[in-house]
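Some notes on the structure that comes next.
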Amino acid sequence: MTDPDAGSDAGPTEPPPPVIPEGHTLLTPSAERQTVAWDAAVTSIRFAFVARAGQHYDFAAEGRSQGYVLTLRDAAAVTLSQSGPSKSGVPFTWHWSGLSDGAVYTVELTQESYAAGESLSFRFVDQGPDDHGDLPLAATPWVPSEQPLTGRGEHAGEQDTFAFETVADHVYAIDCAFPTGDWQLSFFKLTEGYYSVVGSFPFTQTRAATAIRSQGGRHVVSIQDRSPAPSSGTYSCVLRDMGLDDHGNLLTTATQLPRGTTSAQGKLDYVEDVDVFDLEVVPGRFYRVSCTLEDSKPCIVHAKPGFEQSTSRPGVTFEAGGSLHTVWTQGDGVVPAQWRALPYTLQFEDLGPDDHGNFPFTATPLTGPSQTVRAHLFVPVDHDVFSFETTAGQRYQFSSPWREGQGQVRSIVTNMSGVDQEVPRAHIGSNWVQTFTAPTTGTYCINFSADVDTNLGEYTFQFEALTP
């Protein structure tokens, strides 16, 4: 009779050997070059390997620089990495680490339909221990705090990845110190790829800082030591949750500013930050918005709807067309190697109503027969239109001081339908002069505009009905 406990002291049971998927060739790490035939009829080559925890593996393809895509999958067929080789990188190397001990991973190389058949030469090398995984899906977990996280660039070309969960609309800032000046720091999201990338090029630096605004979900930080040889020193990084972005970056999330607001404060929390404000205004009045940074960097202001500047400026003037006007500010868009939040102040000035109408039906009448007029052009699209009564055959003259070196205020004579009249301008003495001979009895207009930015502001002109 068999004792039911007879096997209890038989020793530990060996785990079953890993199962290599059918149709896959087992890869064993080696520094030796391996070659497989790949003629035009073969659309894909499949390999498999058994990983050891904490090891870094390089798959380096030699000779062939394009025409195929490599896909790395885990045992559950989840794609961990997929890309083709770079044309500039021969041999091109894929770096894999952060893999599970004893797990089987598959490598599939798929040939593009246009690629000519040829052999594939490659090396599959175990590069030794790696403290943090290269692959975003095998990233080291990280929780934002004041606690530094450290790592080392053990292998040339490798990257260390760190995954952290985010809260929507929160800003996350990272600050790193590196042992060498050849590094690259970036954020990564599987659906978006790399962004907020900063690196040492073109200047050698050993500190890096950048920040992002999250839409929520899992994000990855990528740190890559780009030195030709592995570094013996460690780097140290701090990842912080800076809280909610101080102002919304969309029209639907704009910060509301009541009528009469003279200033508003904020900060550009990350490189791509845009802060949007809805300013309560009075229709028909002009407003000036200017931005001042607590830094020498430019602070750009835009206003919508209405006039938008075509170049980066720290201020903008607009005419309100409704009870609300949208204003937003942003930085210069250049990703610095050492980002930091930039506090700013927006200042709002009510410049008053438009002094003269923009169209013939809102024109300011000229009383004549001789009159000096003082007016103001607020923005390049501002027009000042004046009407005057004419008698057929009589001459009417307009003149204004000549502006040396900056161009002249533009002036066009029209009828009440807005049709231009041919009225030449002459430079006479210290003035420019236009003389209009009325073809009919009736009402005509003269339309003034800045033409160039330097003509914005106050100007004067003389109107005179000349004697027959």
Answer with yes or no whether the side chains of [Y] and [X] bring together a donor and an acceptor at under 3.5 Å.
X	Y	result
Asp420	Thr414	no
His95	Asp58	yes
Ser411	Arg425	yes
Glu389	Thr443	yes
Thr372	Gln462	yes

If we ignore hydrogens and angles and just use 3.5 Å, is the side chain of [X] paired with the main-chain N or O of [Y] as donor and acceptor?
X	Y	result
Glu108	Thr106	no
Gln55	Ala51	no
Asp160	Gly133	no
Asp134	Trp96	no
Thr364	Phe386	no
His132	Thr150	yes
Ser145	Gln147	yes
Thr261	Ser263	no
Asp246	Lys267	yes
Asp350	Gly352	yes

Would you check if the distance from the ring center of [X] to the ring center of [Y] is below 6.0 Å?
X	Y	value
Phe277	His247	yes
His302	Trp328	yes
Phe448	Tyr459	yes
His219	Tyr172	no

Got [X] and [Y] here, is their nearest side-chain heavy-atom distance under 4.5 Å?
X	Y	value
Asp175	Arg207	yes
Arg123	Glu62	yes
Leu268	Tyr344	yes
Trp142	Leu239	yes
Ile446	Gln434	yes
Thr262	Gln347	no
Gln397	Val433	yes
His56	Glu154	no

Does the plane of the ring in [X] sit parallel, tilted or perpendicular to the ring in [Y]? Use 30° and 60° as the thresholds.
X	Y	result
His376	Phe378	tilted
Trp94	Phe59	perpendicular
Phe398	Phe388	perpendicular
Phe436	Tyr396	tilted

Start with the C-alpha gap between Asp278 and Thr326, add the side-chain angles, then the distance that decides, and say whether side-chain hydrogen bond (donor to acceptor under 3.5 Å, both in side chains) holds. CA-CA 5 Å; Asp278 271 345; Thr326 301; 2.9 Å; yes

For His325 and Phe318, what are the C-alpha separation, side-chain angles and deciding distance, and is it a ring pair (Phe, Tyr, Trp, His ring centres under 6.0 Å)? CA-CA 9 Å; His325 205 94; Phe318 62 87; 3.8 Å; yes

Inter-residue atom distance [X].[atom1] - [Y].[atom2], 0.5 Å rounding:
X	Y	atom1	atom2	value
His170	Asp241	NE2	CG	5.5 Å
Leu70	Leu109	CG	CG	4.5 Å
Gln224	Gln159	CD	CD	5.5 Å
Thr166	Ile212	OG1	CD1	7.0 Å
Ser387	Met416	OG	CE	6.0 Å

Of Val373, Val409, Asp384, Asn431, which is the lone residue that meets side-chain contact (heavy atoms from CB on, under 4.5 Å) with Phe461? Val373

Take Arg213 and Asp169 through the salt bridge (charged side-chain N to carboxylate O under 4.0 Å, His left out) test and state the conclusion after the steps. CA-CA 6 Å; Arg213 181 179 188 267; Asp169 300 325; 3.0 Å; yes

Could you tell me whether Arg395 atom CZ has more than 12 heavy atoms of other residues or ligands within 6.0 Å of it?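 No, the 6.0 Å shell around CZ holds no more than 12 heavy atoms from other groups.
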
Can you tell whether the side chains of Glu319 and Arg285 come within less than 4.0 Å, N to carboxylate O?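 No, this pair does not count.
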
Assess whether a salt bridge exists between Arg152 and Asp131, defined as any Lys/Arg side-chain N lying under 4.0 Å from an Asp/Glu carboxylate O. no

